[in-house]
Each structure stands twice: as C-alpha cells, then as structure tokens.
Amino acid sequence: MTFKSILDEIENNLNKILGELSIHDVKFSVEPAKSGFGDVSSNVSFLLAKQLKKNPKDIADMLSERFQNCTNTLVMRSEAHPSGYLNFYADWGKLSQLILSESYLDEFGDVDIGKNTAIVVEHTSVNPNKALHIGHIRNIVIGDTVSRILKKANYKVNILNYVDDSGLQVADIIVGFKHLGFAEEPPHGKKFDHYCGDDVYVKTTEKYGADPSLERIRNNVLKELENGDSETARFADKITRKVLAGQLETCWNLDVFYDCLNFESQIIRSGLWSEIFEELKAMSLIEFEKEGKNAGCWVIRGEDNEEDKVIVRSNGTATYIAKDIPYAAWKLGLLDDPFNYEKYEKKQPDSRDLWQTTLKKNNPISQNFTGEKVVTVIDSRQARLQKIITSLMGKFKSMPDAYVHLGYESVTLSSETAKTLGLDTEGKQAQMSGRRGLYVNADSVYELLKEKTKEETKKRHSEMSPSEIEKIAHNVSVATLRYEMIKQDLDKIITFDLTKSLSLEGDTAPYIQYTCARASRILEKSDRIPTIDVDFSLLKEKSEIDLIKNIGLFNLQVRDAANNLSPKVIARYCHDLAVAFNSFYENAKVLELGDVNLENSRLCLVNSFKITLERALDLLGITAPDRM
RNA sequence: GGGCCUAUAGCUCAGCAUGGAUAGAGUGUUGGACUUCUAAUCCAAUGGUCAAGGGAUCGAAGCCCUUUGGGCCCA
C-alpha cells in the first residue's frame with residue numbers, strides 16, 4: 001500500500017467528518033506535502049470556504065480538531081496552517097515499516113489500471129531506407145518507456161513496429177541501386193543501413209534536380225512496389241529487410257524490443273483497404289464529392305473549420321491516409337485478421353519472441369497482436385492526420401480513447417552541431433533531414449558517449465578489467481541517451497547538441513546510476529544480508545524520512561505516468577529518489593556506527609532504496625551498474 | 001488564410017490537467033567540503049515584472065479573451 005495508505009486513511013477520515021457535517025460531493029485533494037509543510041496536505045478548507053461562509057483557516061482549525069477524534073493509525077497529528085491548508089504529520093515508525101517491508105516485494109510499485117486488458121503500442125515505424133537518427137530515437141524511447149510503464153500498470157502490451165517498405169523513400173534508394181549504379185554491398189566496415197541512408201538515399205535525391213527523368217523512374221518504381229510479384233518489389237524487399245535488420249540492431253542495443261513487425265506492403269496487398277472502404281461508405285463516414293475542387297473524390301468531411309480530406313482520388317487511387325485507416329482498425333481488432341505470422345529471422349537479445357506478418361499461406365500460424373486500446377507514437381507533425389484517424393476509430397469503436405495518438409515534438413540540431421555537418425544556420429537551430437543528409441546517427445552518438453564514459457571510468461578505476469569497463473560504459477551510454485530523450489515534456493522541442501549531450505553531471509542518467517553504485521558499495525561492504533526484521537523507529541533523521549517517503553511514492557508515480565502516458569514522470573521520480581539518497585548519504589553514515597541496530601535499520605533502507613530505484617529505472621529501460 | 005504546439009532564472013527545463021502556502025531543479029558564475037560507506041557527489045551564495053495586456057475570482061504562473069515572439073502542419 002505504501003504512502004498511499006496514509007493518503008487513503010486521511011481521505012476516509014475527512015470524508016467521514018464531512019459526512020457528519022452533512023457536506024457531500026466535495027472533491028478535495030489529499031497529497032504528499034511540499035517540503036516544510038508536514039507529510040500530507042489537503043486543500044479541503046479552501047473548497048468549503050464559500051459554502052460555509054467562513055475563512056479557510058477557521059475551517060481548517062475546526063477540521064483539524066475533529067480529526068483528532070478519528071481513528072488514526074498512520075497519522076500522528078493534524079495541523080491547520082495559517083494559509084488555510086490542512087497539514088498532517090505521519091507516524092513514521094509505522095509508515096516506514098509499511099513502506100520498506102513492501103518495497104521488498106516483487107509487485108512493489110504495481111498499479112492496476114489495465115485490468116490485464118490488451119493494449120497496442122506502436123512506435124519506431126521508420127522508413128527502411130536509412131539508419132536511425134537521433135530524432136527517431138526520441139520516438140523509440142518514448143514508445144518503449146510507455147510500454148514498460150503500461151506493463152507495470154497491468155496492461156498486456158503488444159509492441160508493434162510498422163515498416164513502411166513501399167513508400168517514396170524506399171523507391172528513392174531503389175532508384176539509386178537500380179539506375180544510378182550504387183553497389184549492393186556497403187563499403188568495408190559500414191553498416192548497411194548507414195550506407196543506404198548516408199550514401200544511396202542522399203546522393204540519389206540530390207540528382208533529382210539535375211535529372212528530371214529520374215522522377216519518372218521513381219514513380220514507376222513506386223507502382224511496381226505495390227505489385228508484390230514484380231522483380232523490383234522482390235529486390236526492394238531484400239534491401240529494406242537488410243536496412244531493417246540494421247535499424248533493429250540499433251534498437252536492441254538500447255534495450256528496445258518488439259512483439260511484431262507489420263509491413264506496409266502486406267497491408268496494401270492484404271485487401272484490408274477495400275474491406276474498410278466498403279464499411280466507411282456503409283457508415284457514411286466518407287462521401288463522394290460531386291463538385292468543387294475535389295469533384296470525383298471520396299472525402300472525409302473536415303470537422304470545424306478544417307478542410308475535407310481526400311481519401312480516394314478521382315482517378316481511383318487511394319491517398320496515403322488510406323493505408324493508415326485499415327492499419328488502425330486492424331490494431332483495434334476491428335477487422336478479420338488477413339495475416340499469418342512467422343518468427344523474425346533473428347532472435348531478440350532479451351529472448352522475447354519477435355514475430356512478423358506474412359501473407360504466405362503455407363504452414364499458417366495465427367497470433368493476436370491487437371488491443372482494446374491503441375497508442376500510436378508519432379511526432380506531432382502528423383497530428384492532423386492522426387486526428388482524422390482518431391475520430392474515425394472513435395466511430396468504429398464506441399470506447400472513449402480507444403485510439404490515442406501520442407505525439408511529441410521533434411528533435412532539432414543546435415546551430416553548432418549543424419555547422420559540424422556542413423550547414424550554416426546563422427545561429428538558429430535546424431530541422432533534421434534525411435534527404436539532405438542533415439542528421440546525427442544514433443549509432444554515432446552512442447559510440448561517442450561510450451568512448452567518453454570509458455575514459456571517465458578508467459580515470460576512476462584503473463584496476464578494472466576492459467570487459468567490465470566496456471559493460472559499464474555501455475550501460476551508462478544507453479542510460480544517458482534514453483534519459484535525455486524523455487526527461488522533458490513531449491511537447492518541448494529537444495535541441496540536440498553533440499557536445500552538450502555528452503555531459504554526465506547534474507540532471508543526467510549517470511547521476512542517478514551513481515547513487516545505485518554508492519548503495520551497492522555500502523551493501524557489499526557491510527558483509528550482512530539486509531532484512532526487514534529491524535527497528536524502523538530508529539530511522540528518524542530528516543534525510544532518512546525523506547528517502548523513505550520517496551520510496552513510498554513509487555506506485556503513485558507509476559499511476560500518474562500510466563494515466564497520462566507520461567514517461568517524464570518516472571524520469572523525474574528516479575531523479576528525486578537519487579537526490580534523496582545523496583542527501584541521506586551525506587547526512588547519515590551506515591557502516592561502522594558502533595550501533596548494530598541502527599546499522600541494520602539503515603542497511604534495510606539502503607537496500608530498499610536500491611531495489612526501488614532499480615525497478616523505477618527499469619521502467620526507463622535503464623540498468624544501473626554496481627560500480628561506476 | 002486556417003489549424004496545432006510553445007513562451008517561467010544568463011542557458012536548458014519542472015510546476016499548469018485538479019487555482020490557494022515561500023515559483024523549484026540542473027547548468028553557468030563565485031566560494032567551500034575528499035586520512036571518514038566511491039567527489040560522476042555534497043553545501044552555500046548568485047540569479048524571476050512566470051512574454052504583454054485585459055477579464056472572471058476572496059485568491060492566478062495555472063482558468064477565459066486579445067496581442068506579440070518562436071516552431072510545426074495544411075492551403
């Protein structure tokens with residue numbers, strides 16, 4: 001029950017008091033207090049002020065007095081603050097025991113929001129014609145973190161990666177391979193996805209300006225891609241799968257794993273579109289336009305002031321949104337599944353099965369990767385399109401929020417970083433562009449981080465084996481990259497700067513990981529196995545109580561993060577935990593105190609902290625090394 | 001022309017959903033703490049007309065309206 005126990009106790013008692021006063025339907029808050037104002041605060045007196053025609057302070061006084069007469073097990077006393085807040089002080093002897101002994105349980109921090117229902121999280125979904133750049137990483141890390149949080153909130157999460165293997169960008173590199181003579185093998189030592197993105201894609205698109213005939217060739221390629229039997233489609237399939245393999249390697253390295261890969265080409269060939277097209281017509285969700293500029297097209301009427309959206313052009317071809325509609329409906333389980341499934345050719349490092357859709361009929365295996373709800377992680381430039389899909393899905397499925405577009409702002413390059421890539425932006429930040437070769441590859445950032453972390457680790461631990469240093473550097477680099485991608489709000493633009501991103505101090509992942517190393521060291525040196533069979537009332541220093549309080553907030557933070565699909569909440573929580581531990585570390589010694597009971601109690605706290613932080617970090621996909 | 005996002009300390013950001021106490025971190029700058037469980041740490045100082053204006057409220061960084069700057073999407 002954790003810290004929530006005391007919140008519940010207070011809320012119940014306050015409700016009881018209000019009931020005695022014949023006051024109902026007041027939605028007051030009961031929250032962890034700001035530092036310096038006790039342990040728990042309630043705004044109840046403010047809300048009653050008008051109704052009772054008294055000032056908040058007098059009401060707080062009255063409530064506080066009545067509160068003394070309630071049965072309290074975890075609250076020591078209540079206090080009316082002159083401001084009008086009602087503050088509560090916990091009986092930490094009891095609350096500490098409750099929190100710390102629970103923290104040892106496997107289910108610590110679990111909340112049940114999902115009731116074990118299935119939810120789909122789709123993320124990554126990068127065109128398979130290039131390597132992942134730092135902007136894609138934001139999508140991937142958000143998606144992966146949200147998935148982990150939803151699992152903790154008792155959802156059955158199906159993680160999908162949509163592979164757009166038949167779009168314009170793929171056509172571009174096929175033009176490069178087939179018509180501009182790019183070799184099929186990358187230069188020695190270069191990953192295939194990097195080669196396709198850095199060389200084939202950029203250099204091919206560069207040539208479009210000079211040679212207009214290439215556009216025509218590309219359009220032909222595009223058409224051939226839609227027909228699965230063409231030689232071009234087979235070639236493209238081979239190339240895109242090699243690129244995809246490279247991209248997946250990057251993801252796996254960051255501890256990001258999937259359940260199923262969905263290929264756009266198969267969605268097109270599956271016939272899902274015509275099925276849903278008929279349904280859209282039947283439900284009058286789309287209309288045939290008889291006049292105006294969209295005459296002859298099937299359109300979705302724009303809501304409010306928005307333009308109508310063309311779904312099928314007058315020449316009968318579907319627009320790109322037409323691919324998204326059946327896919328969204330498929331994810332929600334609204335359509336008969338046209339796919340069979342097969343295992344992906346490589347195993348994921350975490351040994352979770354990775355499936356992929358297939359239209360092959362031999363040896364059919366069926367799987368279910370759909371969900372009651374769907375979360376689609378796509379950057380907010382797609383908000384308009386996603387809004388249409390959301391609204392359509394709302395009409396297909398009468399559940400509120402069944403389809404959620406989780407949008408986020410883009411990652412731009414700082415002017416300095418843009419300059420190192422050869423673009424002078426006159427001090428402004430720059431949008432990344434795969435086409436123009438203006439991006440920073442995720443693999444390169446990881447490598448740079450790892451080199452720097454290795455140096456730092458060597459400096460501190462000259463005795464360490466290279467393999468151990470390698471492992472620490474890997475953990476710290478992955479953590480840094482992931483943490484930087486989610487520590488701020490989704491609707492804030494991240495300006496990526498190659499130099500600044502390498503910082504390992506302050507509000508960074510290493511800061512948090514470092515506290516774990518400190519805790520490990522204490523536990524290791526103690527030569528004892530910490531237990532919960534200790535005297536919790538010995539833990540009464542402010543820094544100890546603060547740390548315990550933070551540990552007790554875990555499930556509340558998970559609830560908040562899951563309800564709001566907000567990875568940032570957990571990032572901040574981890575940081576708060578680390579700050580609380582560092583304060584404890586400075587203020588309270590653990591070992592060689594000459595007081596075995598106190599030592600045991602503190603060891604229990606250290607262990608509890610470590611377990612909790614590790615669990616919270618796990619939600620961020622971060623591992624904390626025991627030494628660093 | 002229409003729509004979405006955004007503006008809080010020199011810089012990067014929390015806080016805003018659900019209005020109430022003293023607006024918090026990191027970074028920067030200055031100074032201090034390693035014979036003591038790891039200094040990737042800690043402590044102190046410094047730094048704010050919460051973009052501007054208006055409105056409703058006993059009370060606004062937060063809610064409503066208008067304007068401006070920045071970013072994006074559509075036309």
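All values derive from a computational prediction rather than experimental measurement. Note on naming: letters A, B, ... go to the chains in the order of the sequence lines (proteins, then strands), and numbering restarts at 1 for each one.
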Check every atom of U6(B), U38(B), A40(B) against the side chain of Pro510(A) and return the nucleotide holding the closest atom. A40(B)
Between G1(B) and U27(B), how far is it from one C1' atom to the other, in whole Å? 42 Å
Pairwise C1' distance for U18(B) and U36(B), with rounding to whole Å: 48 Å
Using the C1' atom in both, what is the distance from G19(B) to C64(B), to the nearest Å? 13 Å
Of Lys309(A) and Thr457(A), whose closest RNA chain B nucleotide lies nearer the 5' terminus? Thr457(A)
Regarding Asn587(A), tell me which of base, sugar-phosphate or nothing describes its non-hydrogen contacts under 4.0 Å with the strands shown. nothing
Is any side-chain N of the basic residue among Lys540(A) and Glu544(A) closer than 4.0 Å to the acidic one's carboxylate O? no
In whole Å, what separates the C1' atom of A51(B) from that of A61(B)? 12 Å
Which heavy atom of Phe609(A) sits nearest a heavy atom of Leu577(A), and at what distance? CE1-O, 3.6 Å
I'd like to know if Lys373(A) pairs up with Asp401(A) as an ion pair, taking the criterion as any Lys NZ or Arg NE/NH1/NH2 lying under 4.0 Å from an Asp or Glu carboxylate oxygen. no
Asn550(A)-Asp546(A) side chain donor-acceptor pair, cut-off 3.5 Å: no
Using a cut-off of less than 4.0 Å, is there contact between a side-chain N or O of Lys428(A) and OP1 or OP2 of G70(B)? no
Under a plain distance cut-off of 3.5 Å, with no hydrogens placed, do Ser414(A) and Thr495(A) share a side-chain donor-acceptor pair? no
Would you write out the dot-bracket form of RNA chain B, 5' to 3', with Watson-Crick and G-U pairs under 3.5 Å, [ ] for crossing pairs, | for pairs to other strands and . for unpaired bases? (((((((..((((......[...))))((((((.......))))))....(((((..]....)))))))))))).
Once the angle between the rings of Tyr85(A) and Phe46(A) is folded into 0 to 90°, is it parallel (under 30°), tilted (30 to 60°) or perpendicular (over 60°)? perpendicular
May I have the distance from Lys500(A) (atom NZ) to G26(B) (atom C1'), rounded to whole angstrom? 13 Å
Is the shortest side-chain N/O distance from Tyr408(A) to OP1 or OP2 of U6(B) below 4.0 Å? no
Comparing Tyr585(A) and Gln431(A) on RNA chain B - which has the more 5′ nearest nucleotide: Tyr585(A)
Is Tyr85(A) stacked on the base of A21(B), with ring centres under 5.5 Å apart and planes under 30° apart? yes
Where do His474(A) and Tyr446(A) land on the side chain to side chain donor-acceptor pair (under 3.5 Å) test, with the steps shown first? CA-CA 9 Å; His474(A) 169 75; Tyr446(A) 166 78; 2.5 Å; yes
Examine A40(B): is either OP1 or OP2 under 4.0 Å from a nitrogen or oxygen in the side chain of Arg460(A)? Give yes or no. yes
Side-chain donor/acceptor contact of Arg572(A) with base of A25(B) under 3.5 Å: no
Tell me which nucleotide among A40(B), U22(B), C37(B) gets nearest to the side chain of Val590(A). C37(B)
Side chains of Asn139(A) and Tyr408(A): donor-acceptor distance under 3.5 Å anywhere? yes
Run the salt-bridge test on Lys458(A) and Glu455(A) with the 4.0 Å N-O cut-off and return the result as yes or no. no
Is there a donor and acceptor pair, one atom on the side chain of Thr453(A) and one on the base of A40(B), closer than 3.5 Å? no
Would you say Lys34(A) reaches A23(B)'s phosphate, i.e. side-chain N/O to OP1/OP2 under 4.0 Å? no
Among U41(B), G71(B), C73(B), the one nearest Glu586(A) by side-chain distance: U41(B)
Give me the residues of residues 467-490 of chain A where at least one heavy atom lies under 4.0 Å from an atom of RNA chain B, by number, or none. Gln488(A), Asp489(A)
I want to check one thing: is the phosphate of C72(B), taken as OP1 and OP2, less than 4.0 Å away from some side-chain N or O of Arg384(A)? no
